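Input: a single structure, listed below in structure tokens.
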Amino acid sequence: MTKALIIGGGVAGPVAAMALQKAGIDSVVCEARGTDTDDVGAFMTIMNNGFDALHAIEADKPVLEASFPADRAVFWSGSGRRLGEAPIGGGPAGGYGPHNIKRAELYRVLHEEAVGRGIEIERGERLDDVDVEAERGVAAIFEDGSRREAELLIGADGVHSATRVLIDPRAPEPRYTGTVVLCGYARQAPVDPMPGAYRMIYGKRVFFAYTTAPDGETWWFVNLPRPELSKVELASTSVAEWKRQATALLRDDRSPAAAIVEASEQIRASNGYDIASTPRWHAGRMVLVGDAAHAAAPNAGHGASMAMEDAVVLAKCLRDAPEPGAAFRAYEALRRERVERLVATSAKMGGTATPGPIKRLIRDVAISKRLKGGPRNTAAWLTQHHIDWLSPVALGSPSGDEGPLTSG
Ligand SMILES: Cc1cc2nc3c(=O)[nH]c(=O)nc-3n(C[C@H](O)[C@H](O)[C@H](O)COP(=O)(O)OP(=O)(O)OC[C@H]3O[C@@H](n4cnc5c(N)ncnc54)[C@H](O)[C@@H]3O)c2cc1C
């Protein structure tokens with residue numbers, strides 16, 4: 001008998017399904033997307049803590065194999081001055097270190113791994129409503145009117161989560177960060193590859209970063225301060241138009257950024273969103289994981305890794321608690337402080353104002369000075385988090401067993 005329905009087959013969904021299976025709980029993943037891969041053009045960095053969570057359920061290797069390392073960043077000013085370099089994610093302290101992967105590839109790898117373990121992933125099932133009086137505990141009602149019953153419903157349906165609103169109709173709406181993120185790919189960009197490195201440019205108007213994949217393709221992103229894009233604009237703005245808008249903001253910099261953008265074959269745009277705090281993570285038989293519970297702005301590059309952590313910790317709680325309510329309370333106690341700290345940290349890293357020349361100079365000097373001070377592992381609380389699958393969850397304890405750096 002199916003015990004859990006997982007709504008959303010992005011990052012948290014398949015990881016939750018594999019973790020639940022390891023905890024002895026069957027599940028079905030219901031994903032809204034059919035075969036179309038719209039809105040998955042971005043790429044992302046999986047951090048050490050994300051790999052640690054995957055390792056707890058033996059799912060780290062396929063993601064590692066499909067990704068490539070990006071463990072250091074070299075910083076430049078818009079005037080072409082090298083400001084210094086630093087390890088990404090606080091530097092290696094054991095574990096895998098940061099790796100880049102296209103979102104579509106991450107989804108594919110996680111799906112294949114889950115399906116290979118016998119987990120059912122149903123596509124084209126968009127959650128629309130729930131019936132909390134269902135015989136088995138809870139029923140998901142999908143847009144096409146179909147219905148599935150289970151004992152638990154796990155909302156892994158991302159930043160615009162329908163489950164979040166079904167749990168709490170007054171849940172806060174995602175907050176637009178003021179920045180559209182463009183991600184692009186260029187096969188013939190005029191750059192010297194620097195394996196394992198991101199080049200990050202604090203430009204005169206915008207921040208631009210790029211890295212080179214092992215096949216020589218340049219992957220880049222730029223944060224464009226501008227009003228939120230509508231669904232129609234997201235779907236209809238052409239690559240040529242994105243090139244025009246991005247190069248207008250990059251061409252005054254002494255950097256290869258504008259030329260990389262010009263050379264790109266693909267460009268995808270996403271609105272940046274976050275949710276500072278979601279008051280209710282669970283109600284009755286329903287619970288949230290990943291961006292559905294706590295979306296962070298993309299700046300810190302950590303949302304997917306946190307979604308993986310959530311999924312594994314929730315499965316541990318369901319394994320150890322006598323009933324779902326106790327499991328959900330333990331899960332929230334273990335996760336809320338950590339993920340909300342990430343949301344706040346990532347929000348501070350953003351900023352949409354274009355600094356004037358003096359502010360830019362002060363900023364560049366400060367960055368350069370900080371980098372000269374040598375690596376400071378300020379991200380250790382994020383990247384060195386460890387989940388011990390075998391340790392029992394301390395039920396009823398306010399902080400549980402997964403401390404900021406370790407698990408019990
Ligand atoms: C431009 C950009 C760059 C980013 N870079 C990074 C990075 O470098 N590193 C990082 O860790 N994170 C990054 N992130 C954040 C990261 O993408 C998210 O934190 C992560 O995808 C969250 O995983 P999730 O499973 O919670 O949600 P998602 O990956 O968004 O998956 C949610 C799934 O639910 C499905 N769904 C939605 N509604 C329904 C419904 N009603 N019924 C059924 N299914 C539904 C969706 O189709 C989707 O497949 C970035 C985000 C953006 C926008």
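All figures in this text were calculated on a predicted structure; none of them were measured in a lab. When a ligand or atom number is given, it counts from 1 through the structure's own listing order. When a residue number appears, it is its place in the shown sequence, counting from 1.
- Between Arg175 and Asp274 there is a salt bridge, with a side-chain nitrogen of the basic residue lying less than 4.0 Å from a carboxylate oxygen of the acidic one.
- For the pair Arg338 and Trp381, the tightest heavy-atom approach, listed with the atom from each and the gap, is NH1-O, 2.6 Å.
- In terms of the side-chain hydrogen bond (donor to acceptor under 3.5 Å, both in side chains) criterion, residue partners of Asn49 (sequence neighbours excluded) are, by chain and number, His302, Glu309.
- Near ligand 1, heavy-atom contacts under 4.0 Å come from Ile7, Gly8, Gly9, Gly10, Val11, Ala12, Cys30, Glu31, Ala32, Arg33, Phe43, Met44, Thr45, Arg103, Tyr107, Glu125, Arg126, Leu127, Ala156, Asp157, Gly158, Ala162, Val181, Ser270, Gly290, Asp291, Pro298, Gly301, His302, Gly303, Ala304, Ser305, Ala307.
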List the steps, then state whether side-chain contact (heavy atoms from CB on, under 4.5 Å) holds for Met18 with Glu58.
-> CA-CA 9 Å; Met18 290 187 274; Glu58 298 90 29; over 6 Å; no
Quick one: do Asp71 and Ile88 satisfy side-chain contact (heavy atoms from CB on, under 4.5 Å)? Show the steps, please.
-> CA-CA 5 Å; Asp71 36 35; Ile88 295 177; 5.6 Å; no
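- Taking 4.0 Å as the cut-off between side-chain N and carboxylate O, Glu31 and Arg123 do not count as a salt-bridged pair.
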